[in-house]
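All residue numbers refer to positions in the sequence shown, counting from 1.
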Amino acid sequence: MHKLGRGNRDKLQQFMAITGASEKIAVQALKASDWNIEGAFDVFYSQPQVKPFSDSRHLEELYNRYKDPNVDMIHADGITLLCSDLQVDPQDIVMLVVSWHMKAGTMCEFSKQEFFGGLQSLGIDSLEKFRDRMSYMRSELKDDQKFREIYNFAFGWAKEKGQKSLALDTAIGMWQLLFAENQWPLVDHWCQFLQARHNKAISRDTWSQLLEFARNVNPNLSNYDAEGAWPYLIDEFVEYLNENGIIQSDQQKDWSLRQ
């Protein structure tokens, strides 16, 4: 083994145990990230030629622990048990990231193919490896591109099977979960506006455009373009903010801070 300090040696052992990488590849990934282990995971998994190792026999054992006894699927009870084993709350946003990796078609269930595919892509074949990868998956929410993919995935994942739109209560719950992680100061006003004025299901266009609005328009709307191609619901939201003096009060606050 390379001459390494104890802290870096521990990181190397942990990295090799989780990824199944050789010592040489592990050292390269860790060096590339200045020995930041989360950064090293990003380096390792972003290289397409690298295939994380996972043992399909162990995956089968894991799958059988959680699958429904009556059908070849993991349903809500199995996911609750999985969360208990992983020591995370089923409502924790990291479980959305897990579902994104599995390319799960719908909330609260995994097919065998989804479960195997997701865990193989992450190099997971044991509960210990699964637990170790949770912090990496949580860190993916801080990556702008991955957050966008997870956000857009959430729409299809959370809606009822066979429906084109997302039920309003579900959409509000998902927005509060997602924007708690990737903060948008107007999320509570948006949810209150929808409950007061809209009270209907949310289309995919509104869902995806809201992220663009949250990312690109300042919270005080100083760069909002009324002629822009926003969905009508977002234009109505801007009117609601102005009518209720919400933005005006923010601007006054900004002005008083500059005095």
Side-chain angles (χ1 to χ4, degrees), residues 38 41 62-63 65-69 71 73-112 114-115 117-119 121-122 124 126-163 165-195 198-202 204 206-208 210-211 214-215:
E38 299 298 340
F41 285 140
L62 267 185
Y63 177 74
R65 173 167 171 75
Y66 304 115
K67 89 175 192 72
D68 189 306
V71 288
M73 293 279 290
I74 296 174
H75 283 136
D77 287 349
I79 291 172
T80 301
L81 177 58
L82 173 62
C83 290
S84 174
D85 286 346
L86 294 172
Q87 297 165 344
V88 298
D89 188 301
Q91 302 299 317
D92 192 314
I93 193 169
V94 77
M95 292 309 295
L96 169 60
V97 185
V98 170
S99 297
W100 172 66
H101 276 287
M102 292 188 183
K103 299 182 171 67
T106 193
M107 197 187 282
C108 294
E109 65 178 51
F110 298 132
S111 70
K112 187 172 186 177
E114 289 167 351
F115 188 79
L119 296 194
S121 74
L122 288 160
I124 293 170
S126 68
L127 262 177
E128 186 183 7
K129 285 185 183 178
F130 211 148
R131 282 193 205 104
D132 285 341
R133 299 294 280 135
M134 296 303 273
S135 61
Y136 166 73
M137 284 188 267
R138 202 178 291 283
S139 75
E140 291 184 291
L141 291 159
K142 294 179 171 52
D143 178 299
D144 278 353
Q145 183 55 39
K146 286 181 180 176
F147 181 83
R148 183 189 297 276
E149 289 177 25
I150 292 163
Y151 176 92
N152 285 320
F153 163 82
F155 180 88
W157 177 76
K159 70 181 175 60
E160 292 285 334
K161 284 182 181 176
Q163 296 296 312
S165 299
L166 186 57
L168 182 61
D169 287 349
T170 307
I172 285 173
M174 292 303 300
W175 274 318
Q176 287 171 333
L177 188 69
L178 286 155
F179 286 123
E181 195 63 39
N182 201 302
Q183 290 188 340
W184 178 44
L186 297 176
V187 65
D188 289 339
H189 293 306
W190 168 250
C191 294
Q192 287 158 11
F193 156 74
L194 290 173
Q195 287 168 321
H198 184 60
N199 211 22
K200 292 180 194 160
I202 299 297
R204 183 179 284 278
T206 298
W207 178 267
S208 59
L210 186 74
L211 181 61
R215 285 234 171 125

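- The minimum heavy-atom distance linking N152 with S208 is given by the pair OD1-CB, 3.6 Å.
- Shortest non-hydrogen contact noted between L178 and A154 is CD1-CB, 4.3 Å.
- Between L168 and N199 the shortest heavy-atom distance is CD2-CA, 3.5 Å.
- More than 12 heavy atoms of other residues, nucleotides or ligands sit less than 6.0 Å from atom NZ of K112.
- Atom CG of D89 sits in a crowded spot, with more than 12 heavy atoms from other residues, nucleotides or ligands closer than 6.0 Å.
- Minimum interatomic distance between L210 and F179 (heavy atoms only, all atoms of both residues): CD2-CE1, 4.1 Å.
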- I would like to know whether L119 and F110 meet side-chain contact (heavy atoms from CB on, under 4.5 Å); could you show each step before the answer? CA-CA 12 Å; L119 296 194; F110 298 132; over 6 Å; no
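- Looking only at side-chain heavy atoms (C-beta outward), L122 and K129 stay at 4.5 Å or farther from each other.
- The CG atom of L86 sits 6.0 Å away from atom CE of M95, with the distance rounded to the nearest 0.5 Å.
- Residues F115 and M102 are in side-chain contact: their nearest non-hydrogen atoms beyond the backbone lie under 4.5 Å apart.
- In this structure, CE in M107 is found 12.5 Å from NZ in K161, a value given to the nearest 0.5 Å.
- Of all the heavy atoms in L96 and M174, the pair that sits closest is CD2-CE, 4.0 Å.
- Using a 4.5 Å cut-off on side-chain heavy atoms (C-beta onward), L194 and I202 make contact.
- Rounded to the nearest 0.5 angstrom, S139 OG and R133 CZ are separated by 8.5 Å.
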- Would you please test D77 and D68 for side-chain contact (heavy atoms from CB on, under 4.5 Å) and show each step? CA-CA 8 Å; D77 287 349; D68 189 306; over 6 Å; no
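- Here the CG-CZ distance, from L166 to F155, works out to 5.5 Å after rounding to the nearest 0.5 Å.
- A parallel orientation is assigned to the rings of W207 and Y151, their planes being inclined by less than 30° (bins at 30° and 60°).
- No donor-acceptor pair under 3.5 Å is formed between the side chain of E109 and the backbone N or O of M73.
- For the atom pair CG of L177 and CG of D92, the computed distance is 8.0 Å after rounding to the nearest 0.5 Å.
- By the salt bridge (charged side-chain N to carboxylate O under 4.0 Å, His left out) test, K146 pairs with D42, E140, sequence neighbours left out.
- With hydrogens and angles ignored, the 3.5 Å screen pairs a side-chain donor or acceptor of T80 with a backbone N or O of A76.
- In terms of heavy-atom proximity, T106 sits nearest to K159 at OG1-O, 4.1 Å.
- Partners of E149 according to the salt bridge (charged side-chain N to carboxylate O under 4.0 Å, His left out) rule, which considers only residues two or more places apart in sequence or in another chain, do not exist here.
- Considering only residues two or more places apart in sequence or on other chains, R204 meets the salt bridge (charged side-chain N to carboxylate O under 4.0 Å, His left out) condition with none of them.
- When the shell of 6.0 Å around CD of E38 is examined, it contains more than 12 heavy atoms from other residues, nucleotides or ligands.
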- Can you list the steps and then say if F130 with D85 is a side-chain contact (heavy atoms from CB on, under 4.5 Å)? CA-CA 10 Å; F130 211 148; D85 286 346; over 6 Å; no
- Check against side-chain contact (heavy atoms from CB on, under 4.5 Å), M137 and F41: CA-CA 10 Å; M137 284 188 267; F41 285 140; over 6 Å; no
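- To the nearest 0.5 angstrom, Q87 atom CD is 5.0 Å from R131 atom CZ.
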